[in-house]
Amino acid sequence: MAEQRIATRADDYAQWYQDICHHAELAEAAGVVRGCMVIRPHGFAIWEKMQADLDRRFKATGHKNACFPLLIPMSFINKEAEHVEGFAPELAIVTRAGGKELEEPYAIRPTSETIIGHFFAKWIDSWRDLPLLINQWANVMRWELRTRLFLRTGEFLWQEGHTAHANPEESKEEVVRMLQVYRDFCHEIMAMPVIRGIKTESERFAGAVETRCIEALMQDGKALQAGTSHDLGQNFGKAFDVTFQNQDGERDFVWQTSWGVSTRLVGALVMSHSDDDGLVVPPRLAPIHVAIVPIFRKDEERVAVVEAAHRVAAELRDDGLTVEVDDRDDMRPGAKYFEWERKGVPVRLEIGPRDLQENAVMAKMRVAELDERGRAVKLKLPMEGIGIAVGELLDTFQKELFDRAQARLDESTVLIDSWDDFESTFADGKSRFVYAHWDGTAETEAAIKAETKATIRCIPYAEDAPEGVGEPGTCIKSGKPSAQRVLFARNY
RNA sequence: CGGGGCGUGGCUCAGCUUGGUAGAGCGCUGCGUUCGGGUCGCAGAGGUCGGAGGUUCGAAUCCUCUCGCCCCGACCA
């Protein structure tokens with residue numbers, strides 16, 4: 001294991017991000033496959049926890065999992081005009097198989113609207129077949145020109161929900177509902193506050209009539225789109241002839257939705273909570289909740305201390321926690337501390353001879369206050385009731401991480417009314433969450449992007465944005481009337 | 001895809017300008033010593049320098065091509 005330093009966020013944010021991925025053993029560039037990554041066990045464990053919770057939420061909202069082919073006939077992709085245009089440049093295409101040229105090439109799925117549309121057409125006949133609520137956990141491939149671990153990789157893991165409905169009201173409800181599911185997941189599980197909103201036309205998903213999204217603030221002030229929920233209207237229904245007979249006996253095309261989150265969320269997690277000491281993971285996603293480090297000097301101490309450590313571990317495991325007893329004897333405690341902190345374990349317990357005497361253990365939270373001498377504060381917990389105490393620490397920590405992220409979001413959020421202020425906010429690669437007026441035109445949006453690199457992340461939900469954002473005004477760039485402020489930021 | 005940087009033991013890098021077939025630190029193995037915030041000592045294993053081609057008596061060092069990684073940009077749910 002390398003023992004190099006982690007770059008600081010202040011010195012080199014991009015390097016820091018890479019260092020976290022490396023030191024916490026989340027992932028590494030595959031190298032042998034361009035733009036693709038290997039998700040290592042510790043990173044994958046976080047993704048599995050995300051999956052488990054999201055899957056539960058999808059099922060609770062009536063969705064069923066299914067799995068469609070990885071390869072999609074090119075003709076399918078070509079059926080929806082905007083969809084082709086949006087995805088054609090980043091397709092990887094299979095032209096040979098079984099030792100000969102294929103009659104029709106297959107695209108490796110960049111997303112599955114088309115092939116799922118094909119099967120929806122087979123499965124749906126009557127209004128009684130609707131709504132059809134399907135989710136797929138899968139890998140997809142998009143040949144991106146510039147990749148970054150988790151944030152944008154050639155291949156990534158995700159879930160894609162695909163639903164079909166009998167009328168536009170129901171599909172709209174679905175779009176809103178699933179965005180809410182994502183929002184709740186981000187808040188409750190990832191401890192990451194997000195802003196819900198609607199994408200402008202130019203940021204919309206290729207083939208959708210409306211795209212909703214959740215946008216999260218990263219520690220460098222940039223925005224990360226953490227999830228999307230698309231109202232596809234009848235676009236794919238028409239392209240794939242997905243029709244049904246309604247209650248009046250008339251044939252109509254279904255109204256569809258699609259929605260997804262990906263392994264990008266792991267990147268969002270890193271950039272929401274981690275610090276210059278390494279990864280920080282909220283307890284609800286932590287692959288390891290507690291690391292116990294036994295402290296000893298002599299052999300007889302060692303026996304007693306390690307035995308106590310395992311006893312505590314057993315009690316915590318009974319409470320459903322994942323616990324590591326770090327009884328490696330070729331490593332000093334300090335080195336172990338650094339290792340577990342790099343990997344983002346929320347709580348570390350230290351048990352030494354002194355603690356045994358006092359029938360207590362020392363606890364150190366992954367993010368801790370410093371005392372007057374600049375050392376991390378440790379808590380003394382009685383051995384009696386240790387399970388309850390640690391459970392409370394984890395609950396508190398989960399909440400503190402959210403509060404910390406929310407405070408960071410609040411601090412980084414500004415309302416701006418002058419173009420000069422707007423430009424300087426985004427000067428020199430800087431970014432914040434800026435609410436400003438916009439005249440609603442794609443031209444102005446493009447002009448602002450060209451001059452400042454800031455894009456409209458979304459037209460926010462009123463309840464997620466600061467007060468006054470919903471009021472009319474004049475466009476910061478053109479001076480024309482604006483219905484409300486929109487969220488600007490640089491983005492990943 | 002444009003501009004820039006880089007690719008040398010597991011990791012991070014030095015060596016390259018001024019060609020002479022490889023070095024350091026960390027990690028790893030063994031023994032001992034240590035162990036409440038990155039122990040110390042001794043002994044040892046491990047690379048042919050991303051790949052291909054060329055120049056040369058001789059290439060990690062020079063040239064060409066190529067693959068990959070990182071940064072900026074363009075592009076992109």
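So that the names make sense, note that chain A is the first sequence line, chain B the second, and so on, each numbered from 1. Computed from a predicted structure; not experimentally measured.
- For the pair E25(A) CD and G10(B) P, the interatomic distance rounds to 17 Å; values are reported in whole Å.
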Can you give me every donor-acceptor pair (side chain of residues 287-299 of chain A, partner residue at least two apart or in another chain, under 3.5 Å) with its distance?
from: H289(A); atom 1: ND1; to: T322(A); atom 2: N; distance (Å): 2.9
from: H289(A); atom 1: NE2; to: P283(A); atom 2: O; distance (Å): 3.3

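- When each of G38(B), C11(B), C35(B) is scored by its nearest atom to the side-chain atoms of H22(A), the top-ranked nucleotide is C11(B).
- Among the nucleotides C69(B), C35(B), A77(B), the one closest to any side-chain atom of Q225(A) is A77(B).
- In terms of polar N and O atoms assigned as donor or acceptor, the side chain of R152(A) comes within less than 3.5 Å of the base of C76(B) in a complementary pairing.
- Which of G73(B), C71(B), C35(B) sits closest to the side chain of A14(A) comes down to C71(B).
- Across all strands shown, G32(B) forms a Watson-Crick or G-U wobble pair, both distances under 3.5 Å, with C40(B).
- Distance from the side chain of E350(A) is smallest for G36(B) among the nucleotides G37(B), C35(B), G36(B).
- The residue K453(A) sits close only to the backbone: its heavy atoms come under 4.0 Å of sugar-phosphate atoms, none of a base.
- In summary, R57(A) and E188(A) engage in a salt bridge, as defined by a charged side-chain N under 4.0 Å from a carboxylate O.
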| task | Could you walk me through whether F58(A) and W259(A) pass ring-ring contact (aromatic ring centres under 6.0 Å, His included), step by step? | result | CA-CA 11 Å; F58(A) 298 155; W259(A) 29 272; 5.1 Å; yes
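- Applying the 4.0 Å criterion to OP1 and OP2 of C71(B), one finds that R148(A) has a side-chain N or O inside that range.
- Of the candidate nucleotides G37(B), A77(B), C35(B), C35(B) has the atom nearest to the side chain of P333(A).
- Contact annotation for E341(A): base contact, defined as any heavy-atom pair under 4.0 Å involving a base atom.
- With RNA chain B read from its 5' end, the first of the two nearest nucleotides for K199(A) and R332(A) is the one closest to R332(A).
- Nucleic acid contact class of P89(A) (heavy atoms, under 4.0 Å, all strands): none.
- Distances were taken from every side-chain heavy atom of A29(A) (C-beta onward) to each of A74(B), C69(B), C76(B); the shortest belongs to C69(B).
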